[in-house]
Amino acid sequence: MRINRFISECGICSRRNADNMIDEGRVELNGEIIRHPGEDINPDEDVIRVDGVIVKPVKKEYYVLYKPKGYVTTTKDEKKRPEVTKLIKSSAKIYPVGRLDINTTGVILLTNDGDFSNNLTHPSNRVPRVYSALLSKPLNVDDRLALTKGIFLDGRKSSFTEILFPDKKNFRRVEVTTVEGRNHFVKRMFKARGYFVKTLHRVSFGEFNVFGMKPGEYKKINMPTPVRKKKK
C-alpha cells in the first residue's frame with residue numbers, strides 16, 4: 001500500500017493533503033522522514049508517524065446532519081461557538097465536508113474519510129448543491145438571467161446552474177442550484193446584483209438531503225457511492 005493512501009485511511013486527511021504533509025517533512029516511516037508520497041509500505045509491519053504521532057487505519061464513518069442555525073462547521077472554533085461535530089455521538093474523529101455559514105441551515109455531511117470529503121468538494125467533480133434563499137426583494141428577470149448566464153466574481157466568470165421560483169406568487173423566495181463551493185458563494189452572487197440573502201437553507205448536496213428530518217437530527221449512512229465527475 002502507498003503511504004499517502006495509508007494516511008488517508010487513518011482518517012488524518014485526503015490523499016492529496018497527505019502528499020502535502022509528506023512534502024513538508026511531517027511524515028516518518030520507521031523513524032525516518034520520507035519525501036515520496038508513492039512510497040510503498042507494509043501496514044502490518046511498518047510504523048508510520050504524522051507530526052510525531054503513530055497513526056493507524058480507522059473505521060470509516062459517514063453522517064448526514066440537518067445543520068441548525070447558530071452552529072459553525074469547524075472542528076475547533078476560537079470564539080467558542082457551538083460546533084456541528086458536537087451534535088453527533090461518535091468516538092471517531094469526524095469533521096464536516098465543506099462549510100456552511102453559521103446562520104445557514106440544511107444538509108451537511110461529516111466523516112473521517114479524507115478521500116470521500118475531497119472527492120465531494122473538489123471543483124472538477126462539479127457536485128451540485130441546491131439552496132433555498134429568501135431575498136430582500138423580488139428577483140427580476142434581468143438579474144435572474146445574468147446570474148444563470150454568468151457574472152464576474154473573484155475575477156472569474158461565475159454562475160448558478162439554475163434558479164427556480166417555488167412559489168409563483170413570491171419572487172423573493174428562490175431555489176438555486178450551483179456546483180460552486182466557494183465561501184459565501186450564494187450570498188455574494190446575489191449581493192453583486194443588489195440583493196441581500198435574508199435566510200439560506202441547503203436543500204441537498206449531491207445525492208444527500210435532510211427530507212423528513214428536523215434541525216439537529218442526523219443519520220449514519222453506509223459508504224456512499226463514489227462521486228463521478230460531471231461533464232461541463
Side-chain angles (χ1 to χ4, degrees), residues 1-68 71-78 80-100 107-125 127 181 202 205-210 213 216-229:
M1 178 186 293
R2 290 190 173 187
I3 194 166
N4 56 356
R5 177 185 171 189
F6 177 84
I7 292 172
S8 173
E9 293 192 355
C10 291
I12 305 298
C13 59
S14 68
R15 287 188 222 185
R16 181 185 297 272
N17 288 333
D19 291 347
N20 294 333
M21 296 176 78
I22 292 169
D23 186 59
E24 293 167 359
R26 298 167 58 187
V27 179
E28 296 177 27
L29 172 60
N30 298 326
E32 295 185 3
I33 294 176
I34 62 167
R35 299 283 184 178
H36 304 291
E39 184 89 23
D40 284 323
I41 66 164
N42 183 334
D44 296 324
E45 297 180 2
D46 293 324
V47 176
I48 290 82
R49 288 182 171 84
V50 175
D51 295 332
V53 179
I54 295 177
V55 295
K56 296 181 180 180
V58 297
K59 182 180 179 182
K60 300 296 189 301
E61 294 186 7
Y62 309 86
Y63 298 90
V64 176
L65 169 71
Y66 188 146
K67 179 191 172 298
Y71 280 76
V72 294
T73 52
T74 59
T75 55
K76 188 176 182 180
D77 185 61
E78 295 179 354
K80 306 298 182 182
R81 295 171 295 182
E83 300 156 7
V84 291
T85 52
K86 300 298 192 297
L87 294 170
I88 295 178
K89 295 180 180 179
S90 173
S91 58
K93 187 179 180 181
I94 57 174
Y95 51 86
V97 177
R99 291 189 176 187
L100 287 180
V107 60
I108 190 162
L109 292 106
L110 296 98
T111 186
N112 57 353
D113 185 339
D115 283 336
F116 168 71
S117 178
N118 186 67
N119 196 24
L120 196 62
T121 57
H122 198 281
S124 66
N125 289 326
V127 177
R202 185 155 68 182
F205 186 5
E207 65 182 283
F208 307 100
N209 60 65
V210 289
M213 298 170 63
E217 288 186 344
Y218 67 90
K219 57 185 177 183
K220 189 174 184 179
I221 58 176
N222 296 324
M223 181 180 291
T225 304
V227 175
R228 294 182 179 180
K229 186 176 293 188

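The model shown is predicted, which means the values in this text are computed figures rather than measured ones.
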Subject >> Minimal non-hydrogen separation, Cys13 against Ala18, with atom names >> reply: SG-N, 3.5 Å
Original post:
Between CD1 of Ile34 and CD1 of Ile22, what distance do you get to the nearest 0.5 Å?
Top reply: 4.5 Å
Original post:
With distance as the sole test, does Ser117 use its side chain to make a donor-acceptor pair with the main-chain N or O of Asp113 at under 3.5 Å?
Top reply: no
Subject >> Under 3.5 Å: donor-acceptor pair, side chain of Asn112, backbone of Lys59 >> reply: yes
Original post:
Considering residues, nucleotides and ligands other than Asn222, do more than 12 of their heavy atoms fall under 6.0 Å from its CG?
Top reply: no
Original post:
Does a side-chain heavy-atom distance below 4.5 Å link Arg35 with Asp23?
Top reply: no
**OP:** Could you pull out the closest heavy-atom pair between Thr85 and Thr74, with the gap in Å?
**Re:** OG1-O, 4.3 Å
Original post:
Going through the checks in order, is the side chain to side chain contact (heavy atoms under 4.5 Å, CB included) test met by Arg16 and His122?
Top reply: CA-CA 11 Å; Arg16 181 185 297 272; His122 198 281; 3.4 Å; yes
**OP:** List the steps and the verdict of side chain to side chain contact (heavy atoms under 4.5 Å, CB included) for Ile221 and Phe208.
**Re:** CA-CA 10 Å; Ile221 58 176; Phe208 307 100; 3.6 Å; yes
Original post:
For the side chain of Asn30 and the backbone of Val47, is there at least one donor-acceptor N/O pair under 3.5 Å apart?
Top reply: yes
Subject >> Side-chain donor-acceptor contact under 3.5 Å, Asp115 with Ser8 >> reply: yes
**OP:** To the nearest 0.5 Å, tell me how far Lys220 NZ sits from Leu110 CG.
**Re:** 13.0 Å
Original post:
Can you name the closest pair of heavy atoms from Val64 and Asn209 and give their distance?
Top reply: CG1-O, 3.6 Å
**OP:** Carefully, step by step, assess Arg202 and Lys67 under the rule side chain to side chain contact (heavy atoms under 4.5 Å, CB included).
**Re:** CA-CA 9 Å; Arg202 185 155 68 182; Lys67 179 191 172 298; over 6 Å; no
Original post:
What's the spacing between Phe6 CZ and Asn42 CG if we round to 0.5 Å?
Top reply: 10.0 Å
Subject >> Any donor-acceptor N/O pair, Arg81 side chain to Val72 backbone, under 3.5 Å >> reply: no
Original post:
For Leu120 and Val127, which heavy atoms make the closest approach, and how far apart are they?
Top reply: O-CG2, 3.4 Å
Original post:
Going from CD1 on Ile33 to CZ on Arg49, what distance comes out if it is rounded to the nearest 0.5 angstrom?
Top reply: 12.0 Å
Original post:
Does the Glu83 side chain pair with the main chain of Asp77, one donor and one acceptor, at a distance under 3.5 Å?
Top reply: yes
**OP:** Begin from the C-alpha positions of Leu109 and Leu65 and carry the test side chain to side chain contact (heavy atoms under 4.5 Å, CB included) through to its verdict.
**Re:** CA-CA 6 Å; Leu109 292 106; Leu65 169 71; over 6 Å; no
Original post:
Do the side chain of Arg26 and the main chain of Met21 share a donor and acceptor less than 3.5 angstrom apart?
Top reply: no
Original post:
Between CD1 of Ile3 and CZ of Arg15, what distance do you get to the nearest 0.5 Å?
Top reply: 13.5 Å
Which donor-acceptor pairs under 3.5 Å do side chains of residues 87-100 form with protein atoms, sequence neighbours excluded?
{"unit_1": "Ser90", "atom_1": "OG", "unit_2": "Glu61", "atom_2": "OE1", "d": "2.7"}
{"unit_1": "Ser90", "atom_1": "OG", "unit_2": "Ala92", "atom_2": "N", "d": "3.1"}
{"unit_1": "Tyr95", "atom_1": "OH", "unit_2": "Gly114", "atom_2": "N", "d": "3.1"}

**OP:** State the CD1-CD1 distance between Ile48 and Ile12, to the nearest 0.5 angstrom.
**Re:** 11.5 Å
Original post:
Do Tyr218 and Tyr66 pass the ring pair (Phe, Tyr, Trp, His ring centres under 6.0 Å) test, and can you show the C-alpha distance, the side-chain angles, and the key distance before you say yes or no?
Top reply: CA-CA 6 Å; Tyr218 67 90; Tyr66 188 146; over 10 Å; no
Subject >> Sub-4.5 Å side-chain heavy-atom contact between Glu9 and Met1 >> reply: yes
Subject >> Any side-chain donor near an acceptor of the partner, Asn118 and Asn17, under 3.5 Å >> reply: no
**OP:** Taking atom NZ of Lys219 as the centre, report whether more than 12 heavy atoms of other residues, nucleotides or ligands fall under 6.0 Å from it.
**Re:** yes
